[in-house]
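These notes concern the structure reproduced below.
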Amino acid sequence: MIPLAFNLFYAGENSLGANIIEKLNLESAQFEIRQFPDGESYVRVDSEVANRKVILIANLHQPDHKFLCLAYLCETLKELGAAHITLISPYLPYMRQDIRFKPGEAVTSRIFARYLSGLVDKLITIDPHLHRYNSLDEIYSIPTTVLSANRLIADWIKQNVNAPLIIGPDSESAQWAAETAELVGCPHLVLEKTRHGDRDVEIAMPDISHLKDHSPVLVDDIISTGRTMIQTAERLKIMGLKAPTCIGVHAVFSESDYQKLKISYITQIVTSNAIPHSTNQVELCALIPEI
Ligand code: R5P
């Protein structure tokens, strides 16, 4: 029997959720998730799930409310006899709080992982923020599959940018910048970032004025406040380099932060469709394996 798929929080016919269901030839589940007038959540499963393999494809950007709905859905699926639940969460939230930076802070990456591991049997995700963790296995107790958008991003760069110079704005981005540059066949460098606060970052850049003829492409996993991209672009401007293309796998930014980034020293912003946004240009559907 083909698996039953729930498209969660991806709206529209061309969303990543809809595209995955079509590509994998899954059966779309009938269900309802809505808010009662008082704001509490209502969840109802209207498809037969007993003994079936279930795939949840969920956009978990801004996860707090969505997570509770997901938890209600997973528990209901189990009560109704679902045989196995796989969660495809193209953007995996809460991964950046991976250490107690200040005494008493919640290490939410670990707590979130524990909650999710109790709800589903398997997790598939794309370019999670693995910085202080080497692998999701350090915090998830269920089997996990990590996919990378590097090849798709490299293809986009090859088709759209002349003489690219790939720049990773901080040490964490080395994993994306180095591999993407190798796939494109172009030079790359990784910068040093010091974060002083949520919206306060400092970028150190070596003298790269000899690379003026290249088109800089900033590559990072997440664009949130956009400060990392803005500060890096400012350094390029001071050095006399061209305005960069900014590529982020996950378009986490708010509308106001997006607008601030848009008017900074950049040519364009490109993201994948892991999180729906007007900047989406990299379709991730091809990465998802047969389940
Ligand atoms: C963290 O290190 C990530 O890789 C990104 O560099 C970071 O989340 C970007 O954040 P922002 O856009 O707020 O500077």
Side-chain angles (χ1 to χ4, degrees), residues 59-64 89-102 105 107-110 112-113 125-136 138-139 146-150 153 166-181 188-205 216-237 243-272 274-275 277-280 282:
N59 163 23
L60 293 183
H61 175 225
Q62 299 181 337
D64 293 10
S89 177
Y91 168 64
L92 188 59
Y94 280 114
M95 286 299 291
R96 282 169 295 169
Q97 191 70 19
D98 54 4
I99 194 173
R100 218 181 298 285
F101 296 96
K102 291 183 187 157
E105 278 180 353
V107 184
T108 44
S109 53
R110 206 160 55 214
F112 190 75
T125 189
I126 299 170
D127 289 319
H129 186 77
L130 289 170
H131 177 202
R132 292 176 184 84
Y133 304 123
N134 290 314
S135 152
L136 288 182
E138 290 176 38
I139 50 174
V146 170
L147 305 168
S148 165
N150 284 347
I153 288 173
I166 294 181
I167 300 177
D170 54 26
S171 58
E172 298 105 281
S173 62
Q175 53 191 307
W176 296 283
E179 194 184 310
T180 306
H188 84 281
L189 66 146
V190 175
L191 308 179
E192 268 176 45
K193 175 170 87 178
T194 310
R195 186 174 283 283
H196 301 293
D198 288 346
R199 292 170 190 280
D200 185 7
V201 299
E202 204 180 310
I203 302 287
M205 187 178 289
V217 181
L218 310 186
V219 176
D220 208 349
D221 59 337
I222 289 171
I223 309 177
S224 179
T225 67
R227 299 308 298 174
T228 300
M229 293 283 179
I230 292 171
Q231 288 305 321
T232 309
E234 273 307 307
R235 307 302 304 170
L236 292 170
K237 187 178 181 185
T245 296
C246 298
I247 304 184
V249 181
H250 303 293
V252 169
F253 37 36
S254 68
E255 182 56 26
S256 64
D257 285 323
Y258 165 57
Q259 292 302 334
K260 281 183 201 138
L261 177 58
K262 222 170 131 182
I263 58 165
S264 69
Y265 183 65
I266 62 147
T267 52
Q268 59 177 331
I269 306 163
V270 174
T271 61
S272 82
I275 297 172
H277 193 268
S278 59
T279 54
N280 291 170
V282 179

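Ligands are counted one by one from 1 in listed order, and the atoms in each one are counted from 1 as well.
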Review point. What part of Met229, side chain, backbone, both or neither, has a heavy atom within less than 4.0 angstrom of ligand 1?
Key: neither
Check your understanding: Which ligand 1 atoms are under 4.0 Å away from a heavy-atom of Asp170?
Key -> 2 (O), 6 (O)
Review point. Which heavy atom of Ile266 sits nearest a heavy atom of Ala233, and at what distance?
Key: CG2-CB, 4.1 Å
Practice item. First locate atom NE2 of His250, then atom OG of Ser224, and finally report the distance between them rounded to the nearest 0.5 Å. Key: 12.5 Å
Review point. Does ligand 1 have any atom that is closer than 4.0 Å to a heavy atom of Gln231?
Key: no
Practice item. Could you pull out the closest heavy-atom pair between Asp170 and Lys193, with the gap in Å? Key: OD2-NZ, 2.8 Å
Practice item. Measure across Ile167 and Ala177 and return the closest heavy-atom pair with its distance rounded to 0.1 Å. Key: C-CB, 4.5 Å
Check your understanding: Taking N or O atoms only and a 3.5 Å limit, does Asp220 qualify as a polar contact for ligand 1?
Key -> yes
Point to revise | Numbering as shown, the atoms of ligand 1 that approach Arg195 to under 4.0 Å (heavy-atom distance) | key: 7 (C), 9 (C), 10 (O), 11 (P), 13 (O), 14 (O)
Revision key, fill the gap. Looking only at protein heavy atoms, what sits closest to atom 13 (O) of ligand 1 is Thr225 OG1, 2.6 Å
Review point. For atom 14 (O) of ligand 1, which candidate among Ile230, Leu261, Thr228 holds the nearest heavy atom?
Key: Thr228
Point to revise | Numbering as shown, the atoms of ligand 1 that approach Asp221 to under 4.0 Å (heavy-atom distance) | key: 3 (C), 4 (O), 5 (C)
Practice item. Kindly confirm or rule out an N or O of Gly226 lying under 3.5 angstrom from an N or O of ligand 1. Key: yes
Review point. Would you find more than 12 non-hydrogen atoms of other residues, nucleotides or ligands less than 6.0 Å from Glu192 atom CD?
Key: no
Check your understanding: Counting each atom of ligand 1 from 1 as listed, which ones have a heavy atom of Glu172 under 4.0 Å away?
Key -> 1 (C), 2 (O)
Review point. Among the heavy atoms of His131, does any lie under 4.0 Å from an atom of ligand 1?
Key: no
Practice item. Search all heavy atoms of Ile166 against all heavy atoms of Val219 and return the closest pair with its distance. Key: CG2-CG2, 3.7 Å
Review point. Got the closest protein heavy atom to atom 8 (O) of ligand 1, with its distance?
Key: Arg96 NH1, 3.1 Å
Study note, to complete from the structure: Between the OH atom in Tyr91 and the CG atom in Asp127, the distance rounded to the nearest 0.5 Å is 12.5 Å
Exercise for review: Heavy-atom contacts with His129 under 4.0 Å: which atoms of ligand 1 show up? List them by number with element.
Suggested key: 1 (C), 2 (O), 3 (C), 4 (O)
**Study point:** Exercise: identify the closest heavy-atom pair between Leu191 and Ala204
**Key:** CB-O, 3.6 Å
Exercise for review: Can you see which heavy atom on Pro90 is nearest to which on Ala274, and at what distance?
Suggested key: CB-CB, 3.8 Å
